[in-house]
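Before I ask anything, here is the structure I am working with.
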There are 2 protein chains.
Amino acid sequence: MTKWSPILWEMDDDRVFKALADRTRRFLLDLLYARDGRTLTELESEVSMTRFGVAKHLKVLEEADLVVVRRSGREKLHYLNPVPIRLIHDRWIDKYAAPRLAALTELKRELEQRDDH
Amino acid sequence: MTKWSPILWEMDDDRVFKALADRTRRFLLDLLYARDGRTLTELESEVSMTRFGVAKHLKVLEEADLVVVRRSGREKLHYLNPVPIRLIHDRWIDKYAAPRLAALTELKRELEQRDDH
DNA sequence: AAAATAGGTGACCATTTGGTCACGTGTCAA
DNA sequence: TTGACACGTGACCAAATGGTCACCTATTTT
């Protein structure tokens, strides 16, 4: 229905949400958020799963454009792309409510800290 | 691992992402984003699915805390809760990158508009 | 050139998920 | 109080998903 401009990127929202629906894939995003540009083998070593499983998950993340890759010889470096996440946010949170919400989530974080020890 | 403060709300991140992974459920959130406080019957009329299907989806959204309900007699009014969405955003987008990203997504939106007609 | 390294493919199986239906409960109005 | 209305439950089936494996290609190193 919507014609997307292919100039910057393509976002298929179903692919993105399906990609985020799996714990392992979210953990892979966490790893890349902490440090970008890792190879499949390096990521595999952080997850208790075979290389094949991890490769499959990374492929799903790529196709959702949540992860972008750069090839370097026989290695494939993985990078986190935050744009689709930002679009999720913008879909259900309006500009004027955002600051108040940010304050609330901040408060939540503080309460957690206080609880943690 | 993290002890959550039950004071404000509980967030099970898996429930949230699984809930968002379905097109119909996202559409229900869109409907509630446009106008809050609707009943099951009203929401059902907007979707080509039986009442049972819609009820099941709403239950999933409730359990994920993406929708909160208020009972009024025999009716059940549904409201959108943006907090879990905000938490998704905060997980993978750092505070300093957010403004630049917002500009990018804004540009994207403009390009779409230009394309659309 | 041979061996080691990094990654890809298609098939397979167990489990989960989406949607429908028959039936049941609580609330309101005539 | 009787019937209409708003919603909930448990069973059921087809389809999609997560994970593993045997086997494959391409690049680098010795």
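Chain letters run A, B, ... following the sequence lines, proteins first and then strands; every chain starts at 1. Small disclaimer: the values here were computed from a predicted structure and weren't measured.
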5' precedence on DNA chain D between A/Val60 and A/Ser72 (nearest-nucleotide basis)
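Looking at the nearest nucleotide for each, A/Val60 comes out on the 5' side.
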Is it true that A/Asp65 and A/Arg15 have a side-chain N and a carboxylate O under 4.0 angstrom from each other?
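Result for this pair is no, no salt bridge flagged.
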Taking 4.0 Å as the cut-off, does a side-chain nitrogen or oxygen of A/Thr50 come that near to OP1 or OP2 on D/dG19?
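So the side chain of A/Thr50 is outside the cut-off, no N or O lying under 4.0 Å from OP1 or OP2 of D/dG19.
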Going through the distances and angles, do B/Arg70 and B/Glu75 end up as a salt bridge (Lys or Arg N to Asp or Glu O under 4.0 Å)?
CA-CA 9 Å; B/Arg70 189 167 64 82; B/Glu75 290 187 331; over 6 Å; no
Take atom CZ of A/Arg23 and atom P of D/dG18, then tell me their distance rounded to the nearest Å.
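After rounding, the reported distance stands at 13 Å.
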Nearest of C/dT5, C/dG19, D/dG19 to any side-chain atom of A/Arg74?
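Nearest to the side-chain atoms of A/Arg74, counting from C-beta on, is C/dT5.
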Charged N-O contact under 4.0 Å between A/Glu62 and A/Lys76:
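Judged by the 4.0 Å cut-off on N to carboxylate O distance, A/Glu62 and A/Lys76 do form a salt bridge.
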Less than 3.5 Å apart, any donor N or O on the side chain of B/Arg38 or B/His78 sitting next to an acceptor on the other?
no
Between atom NE2 in A/His78 and atom C1' in C/dG7, what is the gap in whole Å?
9 Å
Whole angstrom value for the distance that separates P of D/dA16 from CZ of A/Arg15:
15 Å
Contact class for A/Lys18 vs. all strands (heavy atom < 4.0 Å): base, sugar-phosphate, or nothing?
sugar-phosphate
Starting at atom CG of A/Asp22, determine the distance to atom P of D/dA16, rounded to an integer number of angstrom.
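Rounded to whole Å, this separation is 18 Å.
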Does the salt bridge (Lys or Arg N to Asp or Glu O under 4.0 Å) test come out yes or no for A/Arg35 and A/Glu42, once each step is laid out?
CA-CA 11 Å; A/Arg35 183 164 51 80; A/Glu42 190 181 349; 2.7 Å; yes
Check the distance between C/dT9's C1' and A/Leu58's CG and give it to me in whole angstrom.
16 Å
For B/Lys76 and C/dT27, give me the distance from atom NZ to atom P, rounded to whole Å.
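Interatomic distance, NZ of B/Lys76 to P of C/dT27: 14 Å.
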Are A/Lys18 and A/Asp14 ion-paired here, with the side-chain N under 4.0 Å from a carboxylate O?
yes
Quick one: label B/Gly73 by what it contacts on the DNA or RNA (base, sugar-phosphate, nothing), any heavy atom closer than 4.0 Å.
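Counting heavy atoms under 4.0 Å across all strands, the contact made by B/Gly73 is with sugar-phosphate only.
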Same cluster (ILVMFWY, side-chain, under 4.5 Å), A/Phe17 and A/Val60
no
I need the residues from residues 27-43 of chain B with at least one non-hydrogen atom less than 4.0 Å from DNA chain C; give them sorted by number, or say none.
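Listed by number, there are none.
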Ranking B/Val54 and B/Arg51 by the position along DNA chain C of their nearest nucleotide, the one closer to 5' is B/Val54
Short side-chain N/O contact from B/His57 to OP1 or OP2 of C/dG19, under 4.0 Å
yes
B/Phe52 CZ - C/dA22 P separation (whole Å)
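So the two atoms are 8 Å apart, to the nearest Å.
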For a quick test of reading the model: is some side-chain N or O of A/Arg71 closer than 4.0 Å to OP1 or OP2 of C/dG8?
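Looking at the OP1 and OP2 atoms of C/dG8, one of them is under 4.0 Å from a side-chain N or O of A/Arg71.
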Between atom CD in B/Glu75 and atom P in C/dC28, what is the gap in whole Å?
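These atoms are roughly 9 Å apart.
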Any donor-acceptor N/O pair under 3.5 Å between D/dG8 base and B/Lys59 side chain:
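Counting by modelled atom types and ignoring angles, no donor-acceptor contact under 3.5 Å is found here.
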